Amino acid sequence: MTTANPADPADPADPAALDDDAEGPGHRGFRGIPRPILTVSISVFLNRVGGFFAIFLTLILADRGYDANQITVGLIVVAVSGMGGAGMSGWVADRIGPRRTLLLTTLLTSAFSVALVGIRSYLGTLVFAGLMAAVVQGFSPVAQAVVGEAAHPARRVTMFAVYRTALNIGVALGALLGGLWASSNMETLLWGNAAVGAASAALLLTLPKDPPRQRVQRRGAPGTSEPSKRVERRVLLADPQFLMTCVLLGSVSLVYAQHTGPLPLAMKENGFSTTAFGLLLTMNAVLVILCEIPLSMVVRKFTPQIPIVLGAVCVFGGFVVNATAVVWPVLIGGVLLWTLGEMLISPVAAAAATEAAPQGAGARYQSFLGFCQTTGMSLGPATGVFLYGLGPQVPWLASGALGCVVTVLLFRLLSRTSSRGGAEKVSA
């Protein structure tokens with residue numbers, strides 16, 4: 001991933017030194033947050049607050065009378081559909097525009113929610129549940145492309161942290177409200193999902209209209225005679241280092257997802273209650289909400305290599321420690337480690353994807369990054385549970401072994417791309 005040189009006078013390392021109007025007249029928002037970023041941050045907050053369907057899918061399907069095997073198939077369909085939505089949304093956004101794509105995903109979320117209220121058949125439920133998962137997961141990569149374009153380069157990491165904080169607050173609040181709501185009437189969760197999706201769409205109408213579609217311009221090749229259609233087709237294939245970096249980050253997400261797979265099983269077998277597991281997840285959410293923005297103000301001064309590699313070490317290490325013993329000090333230390341890794345990697349990786357993308361391909365780069373991370377999060381729990389069945393130490397030792405490979409490869413890849421980015425600036 002190519003990144004701007006922190007020493008470049010065009011990209012000051014200290015965003016506090018930026019003029020208040022650096023984002024352009026009429027685009028300032030709350031406390032210096034550009035209005036497009038503020039808009040998509042509030043929108044993703046609303047989407048996640050109303051994301052009852054995704055959070056309570058298992059309970060909704062059970063409430064409709066489906067058995068365990070049918071629910072398992074439903075969860076697989078939703079996971080695969082979500083991966084596809086994350087992977088395709090950037091391609092759509094780079095063709096019809098991010099504003100139209102975000103509006104489309106939120107309006108379809110509302111429409112599919114309403115449809116699921118009336119559709120009771122198993123097949124129909126699976127089809128519309130899969131479609132909803134696709135549009136819900138398709139929202140974030142496009143929204144991140146908006147953040148990346150609207151943010152000043154020196155503040156990009158912090159702006160991504162602002163966006164992620166809004167998302168995480170929405171997830172936490174949505175789970176709480178949904179739990180209270182579901183206790184009275186499970187079916188009305190779908191109406192709530194539809195209502196909040198419509199409100200989010202109304203907010204997105206305030207985004208600036210999409211500019212005319214830009215031709216993809218490959219960096220480092222000014223004056224090239226290669227036909228633009230060929231560049232369009234090869235925009236990601238021509239950047240193998242970015243592709244490989246995203247795949248490696250997907251591997252980090254796969255290990256991160258162990259907190260919803262073998263970790264609760266290990267805690268249960270060692271005498272911990274469900275409440276104890278819930279407390280650990282709450283600790284993770286509170287830490288991310290409170291600490292990610294302040295942490296981003298520190299790590300934005302470094303090249304992406306440092307926080308991403310250090311974050312990967314923290315994620316892998318946070319699960320390896322469970323091989324020692326499943327006791328409170330180890331569990332708390334592990335959560336602190338993999339939460340720190342999440343905060344180090346997520347905003348920096350999104351900002352680096354923006355830096356790496358050629359003009360006109362920002363959403364596709366964010367979409368591929370989102371696809372890899374969503375795939376890791378989708379496959380991680382089942383993979384971890386399978387390994388746990390082989391032995392209670394296997395998932396933790398496997399995380400350590402994978403971490404040794406992934407962190408070394410990330411270090412080498414990001415060293416190479418950082419050097420390439422600096423060379424391009426010198427040659428310019």
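Bear in mind the structure is a predicted one, so any value in this text is a computation, not a measurement. Throughout, numbering of the chain's residues begins at 1 and tracks the sequence.
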(message) Taking salt bridge (charged side-chain N to carboxylate O under 4.0 Å, His left out) as the cut-off, I'd like each qualifying pair that reaches into residues 102-123, sequence neighbours left out, listed once.
(response) Arg120-Glu187
(request) May I have the step-by-step check of side-chain contact (heavy atoms from CB on, under 4.5 Å) for Val394 and Tyr388, ending in yes or no? (result) CA-CA 6 Å; Val394 175; Tyr388 192 81; over 6 Å; no
(message) So does Trp338 get a backbone contact from the side chain of Glu342, meaning a donor-acceptor N/O pair under 3.5 Å?
(response) no
(request) Kindly say whether Leu203 contributes a backbone atom to a donor-acceptor pair with the side chain of Thr206 at under 3.5 angstrom? (result) yes
(message) Let's go through Thr407 and Phe316 carefully: what are the C-alpha distance in whole Å and the side-chain angles of both, what is the deciding distance for side-chain contact (heavy atoms from CB on, under 4.5 Å) to 0.1 Å, and is it a yes or a no?
(response) CA-CA 9 Å; Thr407 51; Phe316 291 117; 4.0 Å; yes
(request) Tell me, with the steps shown, if Cys246 and Leu369 meet side-chain contact (heavy atoms from CB on, under 4.5 Å). (result) CA-CA 5 Å; Cys246 289; Leu369 173 62; 4.0 Å; yes
(message) Please give me the minimum heavy-atom distance between Arg155 and Pro34, naming the atom from each residue.
(response) NH2-CD, 4.4 Å
(message) For Ala398, give me all partners under side-chain contact (heavy atoms from CB on, under 4.5 Å), at least two apart in sequence or on another chain.
(response) Leu387
(request) Tell me, please, which residues at least two apart from Phe411 pass ring-ring contact (aromatic ring centres under 6.0 Å, His included). (result) none
(request) Sequence neighbours left out, what passes side-chain contact (heavy atoms from CB on, under 4.5 Å) with Val92? Give chain and number order. (result) Ile96, Thr101
(message) side-chain contact (heavy atoms from CB on, under 4.5 Å), that's the test. Do Thr375 and Leu254 meet it? Break it down for me.
(response) CA-CA 8 Å; Thr375 299; Leu254 185 144; over 6 Å; no
(message) Can you give me the closest heavy-atom contact between Gln258 and Ser399, atom names plus distance?
(response) CG-OG, 4.5 Å
(message) Would you compute the distance between atom CG of Leu249 and atom CD1 of Ile308 and round it to the nearest 0.5 angstrom?
(response) 6.0 Å
Could you tabulate the donor-acceptor pairs under 3.5 Å formed by side-chain atoms of residues 285-298, not counting sequence neighbours?
{"unit_1": "Glu292", "atom_1": "OE1", "unit_2": "Arg164", "atom_2": "NE", "d": "3.3"}
{"unit_1": "Glu292", "atom_1": "OE1", "unit_2": "Arg164", "atom_2": "NH2", "d": "2.8"}
{"unit_1": "Glu292", "atom_1": "OE2", "unit_2": "Arg164", "atom_2": "NE", "d": "2.5"}
{"unit_1": "Ser296", "atom_1": "OG", "unit_2": "Thr158", "atom_2": "OG1", "d": "3.3"}
{"unit_1": "Ser296", "atom_1": "OG", "unit_2": "Ile293", "atom_2": "O", "d": "2.6"}

(request) Output the distance between atom OG1 (Thr105) and atom CG (Leu204), rounded to the nearest 0.5 Å. (result) 7.5 Å
(request) Please list, chain by chain and in numerical order, all residues satisfying salt bridge (Lys or Arg N to Asp or Glu O under 4.0 Å) with Arg99, sequence neighbours excluded. (result) none
(request) Please list all pairs passing the side-chain hydrogen bond (donor to acceptor under 3.5 Å, both in side chains) test where one or both residues lie in residues 40-52, with sequence neighbours left out. (result) Ser43-Ser200, Asn47-Ser200
(request) Hey, could you give me the CD1/CD1 distance between Ile33 and Ile42, rounded to the nearest 0.5 Å? (result) 8.5 Å
(message) Please find the pair of heavy atoms, one from Leu337 and one from Gly318, that lie closest to each other, and give the distance.
(response) CB-CA, 3.7 Å
(message) Any side-chain to backbone donor/acceptor pair from Thr106 onto Leu103? Under 3.5 Å, distance only.
(response) yes
(request) Any side-chain hydrogen bond (donor to acceptor under 3.5 Å, both in side chains) involving residues 166-175? Give me the pairs, sequence neighbours left out, ordered by first then second residue. (result) none
(message) For the OG atom of Ser110 and the CG atom of Asn193, what is their distance to the nearest 0.5 Å?
(response) 7.5 Å
(message) For a 4.5 angstrom cut-off between non-hydrogen side-chain atoms, does Val299 reach Val348?
(response) yes
(message) Which residues pass the side-chain contact (heavy atoms from CB on, under 4.5 Å) test with Met377, not counting sequence neighbours?
(response) Ser253, Tyr256, Ala257, His259
(request) Please report the shortest heavy-atom distance between Phe371 and Gly87, naming the atom on each side. (result) CB-CA, 3.7 Å
Please report, to 0.1 Å, the donor-acceptor pairs under 3.5 Å made by any side chain of residues 125-143, with sequence neighbours excluded.
{"unit_1": "Thr125", "atom_1": "OG1", "unit_2": "Arg64", "atom_2": "NH1", "d": "3.2"}
{"unit_1": "Thr125", "atom_1": "OG1", "unit_2": "Ser121", "atom_2": "O", "d": "2.7"}
{"unit_1": "Ser140", "atom_1": "OG", "unit_2": "Tyr163", "atom_2": "OH", "d": "2.9"}

(message) Just verifying a value: how many Å separate Phe160 CZ and Arg300 CZ, rounded to the nearest 0.5 Å?
(response) 14.5 Å
(message) Do Asp239 and Tyr365 make a side-chain contact, defined as non-hydrogen atoms from C-beta onward lying under 4.5 Å apart?
(response) yes
(message) Quick check: closest heavy atoms across Ala363 and Ala145, and the distance to 0.1 Å?
(response) CA-CB, 3.7 Å
(request) Check for a donor-acceptor pair, side chain of Asp94 on one end and backbone N or O of Arg364 on the other, with a separation under 3.5 Å. (result) yes
(request) Report yes if the side chains of Leu236 and Phe242 come closer than 4.5 Å at any heavy-atom pair, otherwise no. (result) yes
Below 3.5 Å, can you tabulate the donor-acceptor pairs from side chains in residues 69-82 to any protein atom, sequence neighbours excluded?
{"unit_1": "Gln70", "atom_1": "OE1", "unit_2": "Asp67", "atom_2": "N", "d": "3.0"}
{"unit_1": "Thr72", "atom_1": "OG1", "unit_2": "Ala68", "atom_2": "O", "d": "2.9"}
{"unit_1": "Ser81", "atom_1": "OG", "unit_2": "Val77", "atom_2": "O", "d": "2.8"}

(request) Name all residues meeting the side-chain hydrogen bond (donor to acceptor under 3.5 Å, both in side chains) criterion together with Gln366; count only those two or more places apart in sequence or in a different chain, and write none if there are none. (result) Gln144, Thr354
(message) On a heavy-atom basis, which atom in Ser251 and which in Val406 lie closest, and how many Å separate them?
(response) CB-CG2, 4.0 Å
(request) Supply the atom-to-atom distance Gln241 CD to Leu413 CG, rounded to the nearest 0.5 angstrom. (result) 6.0 Å
